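Below is one structure, written out as structure tokens; the observations come after it.
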2 protein chains.
Amino acid sequence: MFMGERCERVDTQQIETLLKVIPEAESISKMAAVFQALQSDTRLKILFLLRQKEMCVCELEQALEVTQSAVSHSLRTLRQLDLVRVRREGKFTVYFIADEHVRMLIEMCLEHVEEKT
Amino acid sequence: MFMGERCERVDTQQIETLLKVIPEAESISKMAAVFQALQSDTRLKILFLLRQKEMCVCELEQALEVTQSAVSHSLRTLRQLDLVRVRREGKFTVYFIADEHVRMLIEMCLEHVEEKT
DNA sequence: TGAACATATGAACAGTTGTTCATATATTAA
DNA sequence: TTAATATATGAACAACTGTTCATATGTTCA
């Protein structure tokens, strides 16, 4: 089938209505950025660690066995999307999960992948 | 700080305990795959469309203004992760959202990105 | 002050991804 | 059968990502 043609199932009017209900382009691309951040093993592990206890970069580095640089880059990504937040504590920078949405997101996804028989 | 050293905040014992509680490697990488699938504008739009009504490939193609091939590839990705499911209906292949987890995932994420001031 | 610790950032490279083009398969209707 | 429609798949290429290395910034304490 060539582009522009329509199969008999297509109701152009209805499709336009459906398109009006989906989130606007900006929201979609923000969501894509969030999911993109959640798509890395390292960043997921960070979130599952922070879910238990807020931690400084140094602790995460030790737990994850990757370089300090990698941890820091990952944390920046998560921070920029407001998935984690920061607090200074003397010479340490302590990271923690931003809010319940984030907890729910990883919880939902975990249930989904573990649900299969 | 060099790799292998520990800052004074690190409690090696505690970190091992925390690591035991995070999901096993296989679950983490499955989750990463799911989030990876949700990280594309096209696939997100597909899910927001299917959330409203099950649709055949042809309808999605028309709604999204990308090639039929691109839609089909995207759908395969979503299908393989059980985010959408398929039903044959004559010469049409009808796709629909797999389950409530998927609806929750995109809903949670949408709330998160739209919540900001 | 300066030395040591803690974290952040830029550059660069290997690996991965999404799209399109071309083509194959599957279903229906004639 | 054959033609037309509907969908899937493989190859290929540009664009993007995560990691590391090297280095910069920020903080504490002596």
Side-chain angles (χ1 to χ4, degrees), chain A residues 1-10 28-29 32-47 50 54-81 84-96, chain B residues 1-10 28-29 32-47 50 54-81 84-96:
Chain A
M1 181 159 208
F2 298 114
M3 301 248 330
E5 295 187 21
R6 289 162 201 146
C7 72
E8 66 197 56
R9 242 183 94 103
V10 167
I28 293 277
S29 74
V34 167
F35 285 129
Q36 137 86 28
L38 296 176
Q39 153 263 21
S40 128
D41 283 39
T42 299
R43 288 189 293 263
L44 281 177
K45 283 181 196 158
I46 289 177
L47 292 178
L50 295 184
E54 53 183 28
M55 295 170 86
C56 69
V57 181
C58 201
E59 290 175 291
L60 289 168
E61 175 191 357
Q62 163 104 11
L64 296 172
E65 292 179 337
V66 293
T67 62
Q68 178 269 316
S69 179
V71 175
S72 203
H73 281 302
S74 284
L75 287 170
R76 179 168 59 163
T77 301
L78 294 172
R79 211 174 55 220
Q80 286 173 335
L81 295 164
V84 302
R85 289 179 189 154
V86 194
R87 194 183 67 237
R88 261 269 163 201
E89 198 169 284
K91 62 179 172 180
F92 298 98
T93 308
V94 179
Y95 282 84
F96 54 95
Chain B
M1 180 158 209
F2 298 114
M3 300 249 328
E5 295 186 21
R6 288 161 202 146
C7 74
E8 67 198 55
R9 241 183 95 103
V10 167
I28 294 276
S29 75
V34 167
F35 285 128
Q36 137 87 26
L38 296 175
Q39 153 264 19
S40 128
D41 282 39
T42 299
R43 288 189 294 263
L44 280 177
K45 283 181 196 159
I46 289 176
L47 292 178
L50 295 184
E54 53 184 29
M55 295 171 87
C56 69
V57 181
C58 201
E59 289 175 291
L60 289 168
E61 176 191 356
Q62 163 105 12
L64 297 173
E65 292 179 338
V66 293
T67 61
Q68 178 267 316
S69 179
V71 175
S72 203
H73 282 300
S74 285
L75 287 170
R76 178 169 60 163
T77 301
L78 294 172
R79 211 174 55 220
Q80 286 173 334
L81 295 164
V84 302
R85 289 179 188 153
V86 194
R87 194 182 66 236
R88 262 268 163 204
E89 198 168 284
K91 62 180 171 179
F92 297 99
T93 308
V94 179
Y95 283 83
F96 54 96

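Just so it is clear: chains get the letters A, B, ... in the order the sequence lines come, proteins before strands, and each one is counted from 1. Since the structure is predicted, the reported quantities are computational estimates derived from the model, not experimental observations.
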- Derivation and outcome, side chain to side chain contact (heavy atoms under 4.5 Å, CB included), residues A:E8 and B:K91: CA-CA 11 Å; A:E8 66 197 56; B:K91 62 180 171 179; 3.5 Å; yes

- Mind checking B:R79 for me? I need base, sugar-phosphate or nothing, with any heavy atom below 4.0 Å counting as a touch.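 B:R79: backbone/sugar contact only, no base atoms under 4.0 Å.
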
- Angle between terminal axes - the helix from C:dT1-D:dA30 to C:dA30-D:dT1, 5 pairs each end, rounded to 10°: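 Between the first-five-pair axis and the last-five-pair axis there is 30°.
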
- Could you go through the side chain to side chain contact (heavy atoms under 4.5 Å, CB included) check for B:L60 and B:L75 one step at a time? CA-CA 10 Å; B:L60 289 168; B:L75 287 170; 4.0 Å; yes

Over how many whole Å does the gap from [X] atom [atom1] to [N] atom [atom2] extend?
{"X": "B:L75", "N": "D:dA8", "atom1": "CG", "atom2": "P", "value": "7 Å"}
{"X": "A:E8", "N": "C:dA29", "atom1": "CD", "atom2": "P", "value": "8 Å"}
{"X": "A:D41", "N": "C:dT16", "atom1": "CG", "atom2": "C1'", "value": "14 Å"}
{"X": "B:L64", "N": "C:dG18", "atom1": "CG", "atom2": "P", "value": "15 Å"}
{"X": "B:F35", "N": "C:dT16", "atom1": "CZ", "atom2": "P", "value": "21 Å"}
{"X": "A:E61", "N": "C:dC5", "atom1": "CD", "atom2": "P", "value": "14 Å"}
{"X": "B:E59", "N": "D:dA6", "atom1": "CD", "atom2": "C1'", "value": "12 Å"}
{"X": "A:R76", "N": "D:dG26", "atom1": "CZ", "atom2": "C1'", "value": "16 Å"}

- Query: Is any side-chain heavy atom of A:T67 closer than 4.5 Å to a side-chain heavy atom of A:E61?
  - Reply: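 No, too far: nothing below the 4.5 Å cut-off.
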
- B:M55 and B:V94, any side-chain heavy atoms less than 4.5 Å apart: no

- Item | Side-chain (A:S74) to main-chain (A:A70) donor-acceptor, under 3.5 angstrom |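 Yes; at least one donor-acceptor contact below 3.5 Å.
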
- Side-chain donor or acceptor of B:R85 paired with backbone N/O of B:R87 under 3.5 Å: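 Not confirmed, B:R85 side chain does not pair with B:R87 backbone.
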
- Item | D:dA6 base / B:Q68 side chain donor-acceptor hit below 3.5 Å |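 Looking at the base of D:dA6, it does not pair with any donor or acceptor on the side chain of B:Q68 (distance under 3.5 Å).
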
- Item | Where protein sits on nucleotides 13-20 of chain D, one letter per nucleotide: B base, S sugar-phosphate only, - none, heavy atoms under 4.0 Å | ----SSSB

- Locate the shortest heavy-atom distance separating B:A32 from A:D41; write the atom from each residue and the value.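 Heavy atoms of B:A32 and A:D41 come nearest at CB-OD1, 3.4 Å.
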
- Which heavy-atom pair separates B:L44 from A:I28 by the least distance, and what is that distance? CD1-O, 3.7 Å

- Message: Apply side chain to side chain contact (heavy atoms under 4.5 Å, CB included) to residues A:Y95 and A:C56 and explain how you reach the verdict.
- Response: CA-CA 6 Å; A:Y95 282 84; A:C56 69; over 6 Å; no

- Note on the structure: Sorted by number, residues from residues 84-96 of chain A placing a heavy atom under 4.0 Å from DNA chain D are A:R88, A:G90, A:K91

- Item | Distance (rounded to the nearest 0.5 Å) between A:E54 CD and A:E89 CD | 6.5 Å

- From CG (B:L38) to CZ (B:R43), nearest 0.5 Å: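 Those atoms lie 8.0 Å apart.
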
